[in-house]
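Computed from a predicted structure; not experimentally measured.
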Protein chains: 2
Amino acid sequence: MTVNEQDFLAGYDPRDYPAVAVTVDVVALTIREGALHLLLIRRGAPPFAGHWALPGGFVQPDENLTAGARRELAEETGLGGERLRRVHLEQLGSYGAPDRDPRMRVVSVAHLAFAPDLPDPVADTDADEAIWLPVTALTSRQLAFDHGRIIDDGLERARSKLEYTPLATRFLAPEFTITELREVYETVWGHPLHAGNFHRKVLSVPGFVESTGASTERGGARGGPRAKLYRAGDARLLHPALLRPAREETVR
Amino acid sequence: MTVNEQDFLAGYDPRDYPAVAVTVDVVALTIREGALHLLLIRRGAPPFAGHWALPGGFVQPDENLTAGARRELAEETGLGGERLRRVHLEQLGSYGAPDRDPRMRVVSVAHLAFAPDLPDPVADTDADEAIWLPVTALTSRQLAFDHGRIIDDGLERARSKLEYTPLATRFLAPEFTITELREVYETVWGHPLHAGNFHRKVLSVPGFVESTGASTERGGARGGPRAKLYRAGDARLLHPALLRPAREETVR
DNA sequence: GTGAGTTGTTCTCAACCTGAGAGAGTGAGT
DNA sequence: ACTCACTCTCTCAGGTTGAGAACAACTCAC
């Protein structure tokens, strides 16, 4: 046991320790017009004035970490009620390098959110703008703090989660077609999938989707039959998983 | 943007906020005598005096989170140098429910460690004992704080990581046999595997293991040929993965 | 309306992977 | 010398995947 833990066990008062602040940040992803978008805030004040940053803020005394992330997301998107409840939110990881914020020691608990296509963030009392930005339009030089790294980790986690969970449905409306679901995978993974094989696979994984019995009102924009509509099934994990084509990649 | 973030951007002093302490805890796993063991500390002082707790303590001003976890692990195990460097350490997740510590708000950044069979923790200046305990011997009632939950998450993460990373080798000495590797999987997953199929699979996954050319000095304890020795390959991920037999389970 | 082209869905077939079992050969213990 | 446990390889049936094709339903342009 360390000297510090001894202090801790004795009911040590952390105000005498070097100050550490805990914030929650959110990597919020959505799909708009066939491209993966990320919710970002343009900073108005130094440090990193004019740079893009993840939405986030201090965790409140009475809320747990995920609740704080959901609150921050609600505040930035203007979302509430059922729409907010349908957003998938999970913890991504914590970032606490001593020099990640030049002002003081800040440990950020990053979260990852998957949302259906949402309206543009409401204009706030704030001067800083919040917008959905395509992830392809980002270079880490434009990003504040270590948020480029957090976003990279979030994107890799999102790509990975689509493999073995049904969370791709969280990017869609409650009822969707297999083609729309395939387009989520293609957008997040960044390459096209074989439509026939995808269709077979999705329907063969138990609990991934269930039929509504209904079909779309119209065929595709440029023709084709009406597609059957599905909703998310009750599976929490996909067995067997929908694996990405092999390629060299980084560990989670 | 929230009121709190405005404060943050203005260079707010967190000492005026309700105090939050940040600790690092470690779920350290090893395999001893064919059983999965966990490093635990018996608490001497309230709250939870006499209960088992994860090793951990305050994060220091100049260290990042993972370095803090490695330091705590070193302090509890007496490990250093090359032996310490061979331990796999990754972040597991952060736990920050407002009431998880009765004394004050504490956010704990939990880490997960895989270690080869290590000597018993050295007797410290401390009165509290540190010990490797079989995970099967635990009930959450004996555990301090939310450490039962953290341990559950760590065990599930360990089981999952063995599927798609070569980290099982981190439970073993630098040179090992396929049978020893299989026993790691059997111990962590909790059920026997088909020896022949496991052998075929391990050798077919590129970069999982590489041959040393050598063999063990003796056959098995009760006979059999000398086994070939392997060391860990350079793959960071297993393609294709070594999947657990299907069963209902929880999401990561 | 009609024709051209697009799309959703199903099918086929070869290649690959997995689970289960069997067997050859090695070496420790009695 | 014999037995038995053990490593390692092989076989075979069943399932899954990748690639391509077929076909009907549909939209749009004309």
Quickly work out the A/Leu193 CG to C/dG8 P distance and round it to whole Å.
-> 14 Å
Donor-acceptor pair, side chain of B/Gln142 and main chain of B/His51, under 3.5 angstrom | no
How do B/Ala227 and B/Gly224 order along DNA chain D: which one's closest nucleotide is nearer the 5' end?
-> B/Gly224
Step by step, work out the salt bridge (charged side-chain N to carboxylate O under 4.0 Å, His left out) result for B/Glu156 and B/Arg244.
-> CA-CA 12 Å; B/Glu156 177 51 30; B/Arg244 289 178 268 187; 3.3 Å; yes
With nearest nucleotides of DNA chain C determined for A/Leu229 and B/Ser204 from heavy-atom distances, which residue corresponds to the more 5′ nucleotide?
-> A/Leu229
Spacing between A/Asn197 atom CG and C/dG8 atom P, to the nearest angstrom = 15 Å
A/Thr177 near the nucleic acid: base, sugar-phosphate alone, or nothing, with a heavy-atom cut-off under 4.0 Å?
-> nothing
Give the nucleotide from the list D/dA24, C/dG21, D/dA5 with an atom nearest to the side chain of B/Arg222.
-> D/dA5
Is any N or O donor-acceptor pair between the side chain of A/Arg200 and the base of D/dG18 shorter than 3.5 Å?
-> yes
Atom-to-atom span, CZ of A/Arg226 to C1' of D/dT27 - whole angstrom = 11 Å
Rounded to the nearest Å, what distance is computed from the NE2 atom of residue A/His199 to the P atom of nucleotide D/dT17?
-> 16 Å
Do A/Ser108 and A/Asp25 meet the criterion of a side-chain donor-acceptor pair at a distance under 3.5 Å?
-> yes
Flag this pair as yes if the NZ/CZ of B/Arg159 is under 6.0 angstrom from the six-membered ring centre of B/Trp189 and inside a 45 degree cone about the axis; otherwise no.
-> no
Check: A/Leu84 main-chain N/O paired with A/Arg70 side-chain donor or acceptor under 3.5 Å | yes
Between D/dT7 atom P and B/Glu217 atom CD, what is the distance in whole Å?
-> 16 Å
Would you mind telling me which of C/dT26, C/dA28, C/dC17 lies closest to the side-chain atoms of B/Pro225?
-> C/dT26
Hey, does B/Ala195 reach any base, or is it just sugar-phosphate, or nothing, if we go heavy atoms under 4.0 Å?
-> nothing
Atom-pair distance (CZ on B/Arg244; P on C/dT18), nearest Å = 16 Å
Between NZ of A/Lys228 and C1' of C/dT9 the distance, given in whole Å, is 7 Å
Look at the side-chain N and O atoms of B/Arg218 and state whether any lies under 4.0 Å from the OP1 or OP2 oxygen of C/dG29.
-> yes
Gap between atoms CG and P, on B/Leu203 and C/dC17 respectively (whole Å) | 14 Å
Give one of base, sugar-phosphate or nothing for A/Gly219, where a contact means two heavy atoms less than 4.0 Å apart.
-> sugar-phosphate
Confirm from the modelled atom types if A/His194 and D/dG20 form a donor-acceptor pair under 3.5 Å, side chain to base only.
-> yes
